[in-house]
Amino acid sequence: MNPLPHLQRTGGGAQLIVEGAPFLMLAGEVHNSSSSSLAYMERIWERMAALHCNTALTPISWELIEPTEGEFDFTLVDGLLEGARRHNLRLVPLWFGAFKNGRSTYAPEWVKTNSQRFVHAQSHPGHDVLPLSCFCEETIEADARAFAALMRHLREVDAEQQTVIMVQVENEVGLMRAPRDFSAPAERVFAQPVPSSLVDYLSTHTKTLHPALSQIQFDDTPSMTWSDMFGGDANEAFMSWGFGRFVGRVAEAGRAEYPLPHFANAWLVQYDGQPAGEYPNGGPVSRMMDIWRAAAPAIEFLAPDIYIDDFAGVCADYARPGNPLFIPEARRDHTAAAGAFYAIAEHSALGFSPFGIESIGGAASETIAGPVADASLGIQTDPSGLLLAQTYRLLSDMTPIIAQHQNTGAMRGILQKTTPDLGLEIGGYRLQVKFPTPLNPGQPPAGGLIIALGEGDYLVAGFSFSVQFHPAPGSPGEVDFLEISDGDYRDGEWLPGRRLNGDEYGVRLGAAPSTRRVRVYQHNPPI
Ligand code: DGJ
């Protein structure tokens, strides 16, 4: 049997290893309700395969696997495994347990209706709200037992085939519209000093703390309150500890049964200075990431759901040492294809996954029945879907060469921003990436990657940009091409197509994703 899917840490980043080789998740997340019906999933599997996805992110909810306490029904889970296998897809289950988007809508009926045992959060003292309290021990234990049962089942039925490659624990946790949880179990924790394991973690990681936490006071640590230590961030720090412990304990129980990589996802801060509670208070937003890492060591990384415009900024914020980047949710619009290229190349992301993949460009029923945009791909889709399908196909073909260059500094990602060009230094030369078409709302931003295979030797892939080559800064002379070819990467081999030395001279990539092999040299005229 192959070793289980796992993260292999390399050069400050990590790669997901599946069946012994690096695996890039060219993924899509289905709508929340789709995977609750195997019949409904049928056409979605087909659509995902046509989009050249290799991985599906599908919710599995607590209420459907444990409708009665202690009695588990894995029919749906087994059907999802079977459907994914039939379409050559890997699966990343999303555990919709006690928390989903700051709410508790996926908890089973026997949990929802027993508030004596499963304590609700309080948004101010004495005021219960619908979401459960993450500090309630009964809830932690019941959720962890159910998740452990799921992971045990997956080990029993899938350890051989390894269709499931990673697991997301809960979904966008945090408490909405509350400064913090004031329920009795929360108050008990808040009244105690900051736990020593959190203090120890933060005080031994001062050099790498997120700038938002760099002002922490460490005086008199054994008896410091949350306010002493975190000042104005005390409530959010406390909630981050609470949700981090909850998710960490659930993950621990799952990993004990089946040690696949486990991660948690974040609903992001939407604008600078946005108060916690407008986004889920206590979720793994980047400014609270260090608290989460102390609270949830069983969670291997924290992942951003990126719907805001500053895609590149969020990637940089999450791709921190020890936290490989994976984007479980992103916009499924015209920006998706460029996002996939950029995250995977610039930040060595483990993968990329637009949300609501089955309705890329519109409602599922419209697009599945919509016009055939490219018969050769065999998919019926809109332009955003077509571009993503072409991008995924290209990235899939290039996976071995991309994987070889992730986390090495020899690969850069391209994502068009408002500036007309982008300067890069890679492979011994200065490269100027130009965007011939200005960024227009509704038009796909250019996206791509450049790999320096050696000095003056490049692979360029992507769409809607050109590249010029210049001597390294301070170096005299002129640069010209030895070779520009189009072609394809297949199974790690470059298969050259045309040699582009005439009217097509130069490295110019059109609106459909394509690849060039480029070799340049520098001519230094005699002095
Ligand atoms: C983020 C959530 O994590 C998803 O489950 C889904 O509700 C999307 N938002 C909808 O945009």
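Numbering of residues begins at 1 and proceeds along the displayed sequence. No experiment lies behind these values; they were computed from the predicted model shown. Start at 1 and go down the list; that is how both ligands and their atoms are numbered.
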Practice task
Compare all side-chain heavy atoms of Y271 with those of I308 and state whether any distance is below 4.5 angstrom.
Solution key: no
Practice task
Could you tell me which residues satisfy salt bridge (Lys or Arg N to Asp or Glu O under 4.0 Å) with E29, sequence neighbours excluded, listed by chain and number?
Solution key: none
Practice task
Let me know which of F243, F238, F190 forms a ring-ring contact (aromatic ring centres under 6.0 Å, His included) with F135.
Solution key: F238
Handout entry: Output field: ring centroids H347/Y342 closer than 6.0 Å
Key = yes
Practice task
Check each protein residue for a heavy atom under 4.0 Å from ligand 1 and list those that pass, ordered by chain and number.
Solution key: N32, K100, N101, N171, E172, D305, Y307, E329, F355
Below 3.5 Å, can you tabulate the donor-acceptor pairs from side chains in residues 54-62 to any protein atom, sequence neighbours excluded?
unit_1: N54; atom_1: OD1; unit_2: L26; atom_2: N; d: 2.8
unit_1: N54; atom_1: ND2; unit_2: L24; atom_2: O; d: 2.9
unit_1: W62; atom_1: NE1; unit_2: E66; atom_2: OE1; d: 2.8

Handout entry: By salt bridge (Lys or Arg N to Asp or Glu O under 4.0 Å) - contacts of R249 (at least two apart)
Key = E137
